[in-house]
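Residue numbering restarts at 1 for every chain, and letters A, B, ... go by the order of the sequence lines.
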Number of protein chains: 2
Amino acid sequence: MRVPSRAILLNQLEAVFQMRGYEGATLTQLAEATGLGKASLYHHFPGGKTEMAAVLLREAVARLEQQAFSRLSGSQPAPERLAQFVAGFSDYTEQGERNCLVAVLAQGSAAEIHGNAIASQFDIWLRRLAAVYEETGSRPKRARREAEALLASLYGYLLTTRLLADTGHFRRGLKRLRKTLTD
Amino acid sequence: MRVPSRAILLNQLEAVFQMRGYEGATLTQLAEATGLGKASLYHHFPGGKTEMAAVLLREAVARLEQQAFSRLSGSQPAPERLAQFVAGFSDYTEQGERNCLVAVLAQGSAAEIHGNAIASQFDIWLRRLAAVYEETGSRPKRARREAEALLASLYGYLLTTRLLADTGHFRRGLKRLRKTLTD
DNA sequence: GTCTATACACCGATAGAC
DNA sequence: GTCTATCGGTGTATAGAC
């Protein structure tokens, strides 16, 4: 396998933060998940947990962009692009199996560091979604509300899937959501 | 003041758990928020953080029942009752200012203790919501999906409101949601 | 680049005086 | 019912050998 080992390492670390949250992820758990010793983690991330979270956050935003939001700019009709975006979001979360790190890092003490960056990133995303809704004929204000409703639904399904401990809930919910978008 | 001081104490503790999460809420912070010493907290909750979380969870479920779900059983038309339920949920979260403790305790290490109870409680809530949707003419399967979509939207708005750091987002979203229910 | 061993702060929790 | 003082354990982080 010629997969950059750095990517594997980041994926393993991300899994711990997703499951335990920022405060809940201890260096012992992060070390176990990666198969490295604590000191070795500090070789890769001299800044410790703080740096890990910062790197993983940038990485998560980039992946969301690539897998979901990039599908908003295409040649298909606007509703079809929105449905593709929802499908991309599902891919990003691995069909609801994994949480979104952006949401994870917006809570607790991590929010004090990353809160502003996350808030402005979400506003950018909402503008892009709203622009697509405007193509469907909605006026700016209404388009913004529709964009907000869509993101709330996506993150809502992601959250309630955890509350219900059932990823089938996520898959069915997003399927339904895609259908309402293309009707 | 003739307000039961126990209620004030619980409210102060709940605020810390809501803002910092279960792991993030330290005894030092809990003590500071209540104006008590750590040892005094152990007088009220001999089981420590574990007991606080358990008591607060029961209390939160009871308040959700009282403020939101109880409005599903009334004499008005089903859509109107659903809108009332949404309004009650808004009250419960103080218009998005405060997070839902049930959602907070479904994450990290607290999930290992309370996860099962939370999952079955949410299933009960979904059944009650689905029953109301059935009154509007939806078949059981569809009613269940509509119930899931409604809860996902509510908790989604609560989450994205935190991501955006803007409670106006929550108020507008729920207003919009109520409107779609009664149309 | 990985390890063992360790430093030191803070965590949850308890003892015991008042 | 509240406090101060303190315990043992674990958290993050570092030193230094290999």
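Within the 4.0 Å cut-off from OP1 or OP2 of D/dG1, not a single side-chain nitrogen or oxygen of B/S40 is found. Phosphate contact (OP1/OP2 of C/dC10, side-chain N/O of B/T28, threshold under 4.0 Å): absent. An OP1 or OP2 oxygen of D/dT2 is reached within less than 4.0 angstrom by a side-chain nitrogen or oxygen of B/H44. Listed pair A/Y42 / D/dA13 meets the phosphate criterion, a side-chain N or O lying under 4.0 Å from OP1 or OP2. For D/dG1, the OP1/OP2 oxygens have a side-chain nitrogen or oxygen of B/H43 closer than 4.0 Å.
Closest to the A/L27 side chain, of the nucleotides C/dG12, D/dT12, D/dT2, is D/dT12.
The aromatic ring centroids of A/F122 and A/Y155 lie less than 6.0 Å from each other.
Nucleotides of DNA chain D nearest to A/A25 and B/G35 differ in position, and the one nearer the 5' end is that of B/G35. Nearer to the 5' terminus of DNA chain D, by closest-nucleotide assignment, is the contact made by A/Y22 (compared with the other of A/A39 and A/Y22).
Between A/F85 and A/F69, the ring planes lie tilted relative to each other; the angle falls in the 30° to 60° range.
When the P atom of C/dA13 is taken as reference, atom NZ of B/K49 falls 8 Å away, rounded to whole Å. With rounding to whole Å, A/M52 atom CE is found 9 Å from D/dT12 atom P.
Transitive grouping of hydrophobic side chains (ILVMFWY, heavy atoms separated by less than 4.5 Å) keeps B/L30 and B/I113 in distinct clusters.
Heavy atoms of A/K38 sit under 4.0 angstrom from at least one base atom.
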